[in-house]
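Just so we're clear, the structure is a prediction, and the values are computed from it rather than from any experiment. Only heavy atoms go into these numbers, but all of them, side chains included; no hydrogens, no water, no symmetry mates.
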Amino acid sequence: MPAITVDDVLVLPRVPQLDPSTSFRPVRRLTTAPSGYEGEGFPVRRAFAGVPLTELDPFIHLDQMGEVDYAPGEPKGTPWHPHRGFETVTYMIDGIMDHQDSLGSGGTIANGDTQWMTAGQGILHIEAPPEHLVTSGGLFHGLQLWVNLPRAAKMITPKYQDIRGREAGLLTTSDGGSLIRVIAGEVGGHAGPGSTFTPINLAHVTLQPGAQLDLPWQPEYNALVYVLAGRGTVGAEQRPIQIGQLAGHGKGDAIRVTADATQDSSIPAMELFIMGGRPIREPVAHYGPFVMNTQAELKQAFEDFQKGRLGVIPAERVPHTD
C-alpha cells in the first residue's frame with residue numbers, strides 16, 4: 001500500500017501533543033462494510049452502509065475499490081454516467097485510473113494521487129484503467145468519497161482538481177509511529193491541497209504496529225475512521241476495529257486509534273482513512289448519481305440528463321470503453 005511515503009518520518013512536522021484535559025471522542029457506531037460490485041464489475045466495500053446520513057453529514061457515500069490483483073484483461077472501470085449536486089473524490093492508493101469528463105477535464109492518477117470533481121449543476125464522466133493496465137493486469141486499490149454540496153452550491157459550475165500525492169501535507173506523531181497524509185482541510189495545524197466548498201478534513205494515515213494516534217479534531221466537525229488494512233482499537237474505550245470497518249464518533253476534541261502490536265504477516269501496518277467535516281444540516285434527496293435537497297429536484301436532474309442538458313460525451317474517449 002504505497003500511496004505517498006517518506007524514507008524517514010522523523011524529519012516531518014509533528015502533531016502537537018494534546019493537553020491532559022483533552023476530551024477524546026467516544027465511538028458512537030461501529031459498522032462493517034458489505035462487499036459489492038460497481039461500474040463494469042470491480043469489487044468494492046460499501047463503507048457507509050447502515051450508517052444514517054445525519055451521522056455522515058457532509059458525506060454521502062464511500063467505496064473502498066479493491067484491493068484486487070487483476071490478471072491481464074480483467075481490470076474494469078465505469079461507463080459514462082452523470083452526476084449533479086455533490087463532489088466525487090477519487091483517491092488512488094495502488095494502481096492507475098483515468099478520468100475524463102464532458103467538459104474536457106481529466107487525467108491519470110496513480111499511487112497517492114487524487115481526482116476531485118465538483119459536479120455542481122451537472123456533468124458526465126468516466127473512470128477506467130488505462131489500456132496498458134487492461135492488457136497487463138495489476139494491483140488496483142483506491143477510494144471514492146462523495147461529498148455533499150450545500151443548497152446554495154448545488155448548481156454551481158462544475159470544477160476539476162488534479163491533486164498529486166506529493167502535494168499532500170505530511171506529518172507524524174511525537175514518537176514517529178505514524179505517517180499522516182493530509183489531502184484536504186487541516187489536521188494538527190497542517191493543511192492539505194484540496195479545495196472544498198464545505199469545510200472538511202481528509203487524511204490517509206499509516207500507523208505502525210503498537211503505535212497510538214492521538215489526533216486533534218475540530219469540535220464542530222463530525223469524525224469518521226475507516227480501516228483500509230490491519231487491526232487495532234479506536235476511541236479511549238479501546239473498541240476493537242479491523243479492515244473494512246468504520247467508526248463513527250460522538251462529540252469531543254480529538255480522535256484516538258491504536259494499532260495492535262501484532263498484525264498479519266502480509267500487512268506491515270494499520271492503514272486508516274480519516275474523514276470529518278462541518279455538517280450542512282439540510283434535507284438530502286439522493287438517488288443514483290444525483291444528490292439534491294428535494295424529490296422535485298431529483299426528478300428535474302433525471303429529466304435534464306435524459307434531455308442532454310448535463311453534457312455530451314466527447315468524441316475523444318477513454319479507449320477501452322464503448
Side-chain angles (χ1 to χ4, degrees), residues 1-6 33 35-47 61-81 83 87-101 105-117 125-146 160-168 170 179-184 192-194 202-206 226-230 243-244 264 266-275 317-322:
M1 192 175 294
I4 191 73
T5 190
V6 295
S35 298
Y37 292 91
E38 185 57 82
E40 296 170 335
F42 57 86
V44 297
R45 283 190 173 105
R46 306 289 192 191
H61 177 85
L62 177 64
D63 274 348
Q64 180 182 5
M65 306 178 294
E67 181 173 0
V68 59
D69 197 356
Y70 283 119
E74 287 186 343
K76 300 174 176 67
T78 68
W80 283 93
H81 58 282
H83 287 307
E87 302 180 287
T88 61
V89 181
T90 305
Y91 176 55
M92 187 57 54
I93 300 170
D94 286 299
I96 307 172
M97 177 73 83
D98 285 339
H99 164 91
Q100 186 179 15
D101 64 43
S105 299
T108 299
I109 55 172
N111 302 337
D113 298 335
T114 302
Q115 289 173 341
W116 199 302
M117 188 184 76
H125 82 141
I126 186 173
E127 299 148 307
E131 187 65 30
H132 69 84
L133 186 63
V134 176
T135 302
S136 67
L139 195 60
F140 177 79
H141 188 200
L143 293 164
Q144 185 168 95
L145 175 69
W146 291 13
Y160 178 76
Q161 300 175 66
D162 190 358
I163 303 171
R164 300 290 102 182
R166 61 181 177 273
E167 298 173 358
L170 300 178
L179 172 59
I180 304 165
R181 308 163 186 86
V182 186
I183 299 167
L202 299 181
H204 173 194
V205 178
T206 300
Y226 180 71
V227 181
L228 294 164
I243 183 172
D264 293 342
S266 60
I267 299 174
M270 193 178 186
E271 302 281 348
L272 311 169
F273 193 64
I274 303 180
M275 304 149 277
R317 304 189 192 179
V318 174
H320 90 283
T321 303
D322 292 335

### Task
Please round to the nearest 0.5 Å and tell me the distance separating atom OG of Ser105 and atom NE2 of His125.
12.0 Å
### Query
Are any of the side-chain heavy atoms of Leu145 and Tyr226 separated by less than 4.5 Å?
no
### Query
Does some side-chain heavy atom of Leu272 sit less than 4.5 Å from a side-chain heavy atom of Leu228?
no
### Task
May I have the step-by-step check of side chain to side chain contact (heavy atoms under 4.5 Å, CB included) for Leu179 and Thr5, ending in yes or no?
CA-CA 8 Å; Leu179 172 59; Thr5 190; 3.8 Å; yes
### Query
Run the side chain to side chain contact (heavy atoms under 4.5 Å, CB included) check on Glu67 and Phe140 step by step: do they pass?
CA-CA 6 Å; Glu67 181 173 0; Phe140 177 79; over 6 Å; no
### Query
If you measure from CD1 on Ile163 to CD1 on Ile109, what distance do you get to the nearest 0.5 Å?
10.0 Å
### Message
Please enumerate all residues that pass side-chain hydrogen bond (donor to acceptor under 3.5 Å, both in side chains) together with Tyr70, with sequence neighbours excluded.
### Response
none
### Query
Atom OG1 in Thr88, atom NE2 in His83: separation rounded to 0.5 Å?
5.5 Å
### Summary
Residue set satisfying side-chain hydrogen bond (donor to acceptor under 3.5 Å, both in side chains) with Asp101, at least two apart, ordered chain then number -> His99
### Any donor-acceptor pair under 3.5 Å from Asn111 side chain to Gly95 backbone
yes
### Query
Any side-chain heavy atom of Leu62 within less than 4.5 Å of one from Met275?
yes
### Query
Looking at side-chain heavy atoms only, is the closest gap between Gln115 and Tyr91 below 4.5 Å?
no
### Message
Working note: His132 + Ile96, criterion side chain to side chain contact (heavy atoms under 4.5 Å, CB included); need CA distance, chi angles, decisive distance, verdict.
### Response
CA-CA 10 Å; His132 69 84; Ile96 307 172; 3.7 Å; yes
### Query
Heavy atoms, side chains only, cut-off 4.5 Å: are Trp146 and Glu87 in contact?
no
## Note on the structure
CD1 (Ile243) and CD1 (Ile267) are apart, to the nearest 0.5 Å, by 5.5 Å
### Salt bridge present between Arg45 and Asp63 (N-O < 4.0 angstrom)
no
### Message
Please tell me whether His204 and Glu271 have a donor and an acceptor in their side chains that are separated by less than 3.5 angstrom.
### Response
yes
### Task
Would you please name every residue forming a side-chain hydrogen bond (donor to acceptor under 3.5 Å, both in side chains) with Thr90, sequence neighbours left out?
Glu127, Gln144
### Message
For the CG atom of Leu143 and the CD atom of Gln64, what is their distance to the nearest 0.5 Å?
### Response
6.0 Å
#### Entry: Phe273 vs Ile183, side chain to side chain contact (heavy atoms under 4.5 Å, CB included): CA-CA, chis, key distance, verdict
CA-CA 10 Å; Phe273 193 64; Ile183 299 167; 4.0 Å; yes
### Task
For the residue pair Arg181 and Thr206, confirm or rule out a side-chain donor-acceptor distance under 3.5 Å.
yes
### Query
Going from CG on Leu139 to CD1 on Ile93, what distance comes out if it is rounded to the nearest 0.5 angstrom?
10.0 Å
